[in-house]
Number of protein chains: 4
Amino acid sequence: MDNQTGDAPEGAGRRVSSGAKRSVEAESAVLAAARDLLVEKGWAGFSIEAVARRASAGKPTIYRWWPSKADLFLAVYIAEKDDVVVVQETGDLVADLVRYTEGLWSFWRDHPAGAAFRGLVAEAQGGGAALDILRDKFLPERLAPVRDLFARAAARGALDVGPTDICLELWIGFNWLRLLTDRLSDPECLPGVIGWVCGGPGRGR
Amino acid sequence: MDNQTGDAPEGAGRRVSSGAKRSVEAESAVLAAARDLLVEKGWAGFSIEAVARRASAGKPTIYRWWPSKADLFLAVYIAEKDDVVVVQETGDLVADLVRYTEGLWSFWRDHPAGAAFRGLVAEAQGGGAALDILRDKFLPERLAPVRDLFARAAARGALDVGPTDICLELWIGFNWLRLLTDRLSDPECLPGVIGWVCGGPGRGR
Amino acid sequence: MDNQTGDAPEGAGRRVSSGAKRSVEAESAVLAAARDLLVEKGWAGFSIEAVARRASAGKPTIYRWWPSKADLFLAVYIAEKDDVVVVQETGDLVADLVRYTEGLWSFWRDHPAGAAFRGLVAEAQGGGAALDILRDKFLPERLAPVRDLFARAAARGALDVGPTDICLELWIGFNWLRLLTDRLSDPECLPGVIGWVCGGPGRGR
Amino acid sequence: MDNQTGDAPEGAGRRVSSGAKRSVEAESAVLAAARDLLVEKGWAGFSIEAVARRASAGKPTIYRWWPSKADLFLAVYIAEKDDVVVVQETGDLVADLVRYTEGLWSFWRDHPAGAAFRGLVAEAQGGGAALDILRDKFLPERLAPVRDLFARAAARGALDVGPTDICLELWIGFNWLRLLTDRLSDPECLPGVIGWVCGGPGRGR
DNA sequence: TATTAAACGAGACGGTACGTCACGTCTTTGC
DNA sequence: GCAAAGACGTGACGTACCGTCTCGTTTAATA
């Protein structure tokens with residue numbers, strides 16, 4: 001009998017209808033509501049209905065500016081993308097990458113970005129624009145720091161230059177797998193895995 | 001969740017009777033309808049309601065045996081995949097795994113099950129039962145053949161016994177990554193990647 | 001529809017075993033469960049499903065002996081009818097009828113029969129067999145004692161013989177009205193009402 | 001948990017848009033469908049599902065305006081009440097009441113209202129909101145005209161003021177009894193019965 | 001005494017209806 | 001003329017019973 005998804009907006013900051021111009025408050029209220037819902041309820045709690053309720057916005061207003069769920073979701077994700085993990089490089093490829101990955105996992109766990117990214121992957125499976133964005137824009141962009149890490153390691157001879165892309169894909173695939181199956185809670189496994197990806201103890205360079 | 005109307009009669013004089021048996025026709029009709037719907041409409045057209053309609057089955061019958069959409073999907077997936085990806089083992093771990101993976105990719109590409117599986121992953125990001133099924137039931141079950149492959153390789157000394165699970169997760173992570181970003185079209189990359197995963201040229205055994 | 005029992009090729013033996021006898025335990029368990037459910041949950045909690053569960057009986061067993069919900073109701077009611085109030089006749093029609101009615105009300109209030117009867121009336125509004133049972137079987141049967149009361153009063157000159165049926169219907173109508181609107185809690189009103197029905201103070205005899 | 005308006009004291013009125021108005025077509029389509037179903041199928045064929053189907057309305061629309069089956073019944077009944085018989089008062093209580101009752105019976109027989117009312121009584125036996133509506137809202141409202149008839153008769157000395165309520169309950173009880181047992185076909189009995197209720201020949205005034 | 005048909009418990013079956021939720025479109029009203 | 005509020009038809013959700021239908025077991029009358 002309760003309103004479980006997206007509470008009523010209650011007293012405080014009720015916006016009032018702004019009239020004829022596109023309302024900046026409306027836009028940011030919608031984006032904020034969408035982000036908060038993703039944080040609190042995850043992708044399942046992310047519905048246009050709930051966002052409208054939370055933002056005190058009309059559903060048609062949302063549909064007018066973000067014609068599909070994917071559009072709204074992408075807008076939220078893009079608005080959040082400023083935070084990035086940065087790691088001090090020590091020259092030890094495996095150690096650096098382990099620390100970088102630990103940072104990434106905790107970032108995914110603690111920030112809306114984790115839920116948002118899971119949502120993006122989910123949305124992409126519908127086959128629309130989200131897929132293109134995920135593959136052609138998001139992936140290369142997000143991978144750049146790690147690619148550089150590998151590149152510098154290869155440059156100083158710590159890694160064959162050939163398998164760089166293989167390592168990259170194995171590393172990102174493993175991370176996705178863990179994120180998408182909600183198993184980011186044991187970063188102790190990382191040294192072993194990443195050691196293996198990078199060439200492993202007792203295995204060649 | 002309780003039995004609110006008319007308690008079960010508990011212990012005492014219970015006579016025993018097996019009751020009616022599960023109807024094989026009903027089960028296969030449901031599975032067939034589910035499969036056909038997946039083929040025709042994809043994950044979006046896959047609803048319990050639609051399956052029941054198509055199978056001329058009652059909804060409760062479906063819920064009795066497949067408590068969630070994910071369960072039903074899993075049953076369809078399993079019934080289909082076992083018919084498809086089977087590999088003759090040669091004793092060469094990398095070669096065997098490459099051929100198994102090629103089979104998996106072509107199955108995902110050519111068969112509705114691929115799209116359907118992407119749907120399941122998307123569904124799981126909502127955090128409900130689909131996630132549990134995906135992680136606790138689907139993954140272990142589907143990985144069994146590959147796990148055995150590794151286990152047998154380790155048994156004959158072709159692989160250290162330690163990193164078996166690491167290899168497994170790297171392998172499945174890579175495959176998911178390719179599936180979810182719709183990049184299953186270049187299986188030529190597989191020997192290189194799988195070689196690296198299994199210990200790579202000039203590494204390990 | 002099949003005529004599976006008919007066929008008997010005349011002449012020969014065509015003997016049929018009589019099979020097991022109707023189980024007395026089953027019958028009484030079902031009736032007891034039905035009564036208890038009516039007491040505890042009222043008409044709303046009274047479903048064949050729930051009765052079967054409570055009685056540890058199979059649904060077909062119930063349907064075999066009580067083909068409709070109304071039949072089962074009626075059986076419950078009749079099984080309880082031995083408790084029906086019997087009033088010592090004093091010769092004062094109004095006083096006797098008041099005491100009889102008080103007994104009826106408390107019977108309706110305290111016994112499952114009240115709930116059962118309300119359920120039967122409800123069921124009868126669907127227009128099926130329940131209506132026939134209610135009108136043609138239940139009503140005349142239940143009214144017999146009161147009809148006799150009136151008849152004896154008329155016989156001794158305490159009531160015109162003409163309006164007997166009118167009085168009966170007024171009396172039963174009033175009781176139904178009170179029962180169906182759940183207002184059996186003020187039997188103090190009975191002397192006034194019944195006095196009026198029977199001819200009232202300062203009126204008639 | 002209340003505070004649904006936010007009330008903001010400060011500025012002017014803090015008025016909020018009222019939103020779209022209730023659709024008159026939807027409302028009347030639902031009521032018409034409900035009435036027709038009652039006429040054609042009776043209480044048994046009356047389900048929210050069927051009404052929605054027939055009215056080409058959504059179930060949520062129905063539940064929005066008529067939260068329970070009882071409410072919808074009541075609405076159907078009330079929507080029909082304009083046809084209710086109005087009787088020219090002659091000053092002869094019995095004759096007036098007989099004519100009023102004849103009108104009521106033919107109204108019950110010929111209009112959906114009869115079936116609707118029977119359904120309401122049935123529903124009320126479940127003990128939910130329908131019972132409260134029937135007893136506290138429907139009964140007093142429907143009885144008002146007859147109560148007035150008695151009151152005016154008492155005022156002009158044609159009836160003792162005391163037994164007014166008794167007469168009322170006898171009258172309504174008798175009518176219910178006839179309706180609920182589907183015996184509205186012999187209105188010739190009415191003069192006798194109502195004469196008796198109002199004081200009978202040779203009794204009272 | 002052995003056979004056999006019926007009644008039993010259990011419960012699966014195809015269905016209907018329930019009441020809720022979210023979808024995306026539409027209309028009304030106020031700024 | 002945009003935006004809020006929100007009603008609308010649609011349709012899936014998961015649950016409760018309906019009444020019918022097998023199942024194997026138990027039981028008692030017949031032969």
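Here is how names work: the chains are called A, B, and so on, in the same order as the sequence lines, proteins then strands, and each is numbered from 1. As the structure is a prediction and not an experimental result, all values here were calculated from the model.
- F/dC17 atom C1' lies 17 Å from atom CZ of C/Arg54, rounded to whole Å.
- In this entry the distance linking CD of B/Glu27 with P of E/dG14 reads 12 Å, nearest Å.
- Take B/Ser68 and apply the side chain to side chain donor-acceptor pair (under 3.5 Å) test, not counting sequence neighbours, and it matches B/Asp71.
- Map D/Arg53 and B/Ser56 each onto its nearest nucleotide of DNA chain E; the residue landing nearer the 5' end is B/Ser56.
- The nearest pair of heavy atoms linking D/Ala124 to C/Arg118 is O-NH2, 3.9 Å.
- Near DNA chain F, meaning a heavy atom under 4.0 Å away, the residues from residues 57-73 of chain B are B/Lys59, B/Pro60, B/Tyr63.
- Each of D/Ala55 and B/Ile48 was assigned the nucleotide of DNA chain F with the nearest heavy atom; the assignment lying further toward the 5' end belongs to D/Ala55.
- Between D/Leu37 atom CG and E/dA17 atom P the separation is 10 Å, expressed in whole Å.
- One interatomic measurement links the two molecules: CD of D/Glu25 to C1' of E/dC26, which rounds to 12 Å at whole-angstrom precision.
- The side chain of A/Ser47 contributes no N or O atom lying less than 4.0 Å from OP1 or OP2 of E/dC21.
- Rounded to whole angstrom, the span from the CD atom of D/Glu49 across to the C1' atom of F/dC13 amounts to 12 Å.
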Do any side-chain atoms of residues 49-57 of chain B form donor-acceptor pairs under 3.5 angstrom with protein atoms, and if so which ones, sequence neighbours left out?
| from | atom 1 | to | atom 2 | distance (Å) |
| --- | --- | --- | --- | --- |
| B/Glu49 | OE2 | B/Lys59 | NZ | 3.1 |
| B/Arg54 | NH1 | B/Glu40 | OE2 | 3.3 |
| B/Arg54 | NH2 | B/Glu40 | OE1 | 2.9 |

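- A ring-centre distance under 6.0 Å is found for D/Trp43 and D/Phe73.
- The closest side-chain heavy-atom distance from B/Val30 to B/Trp66 is below 4.5 Å.
- Within the 3.5 Å criterion, the main-chain N or O of A/Phe46 finds a donor-acceptor partner in the side chain of A/Lys69.
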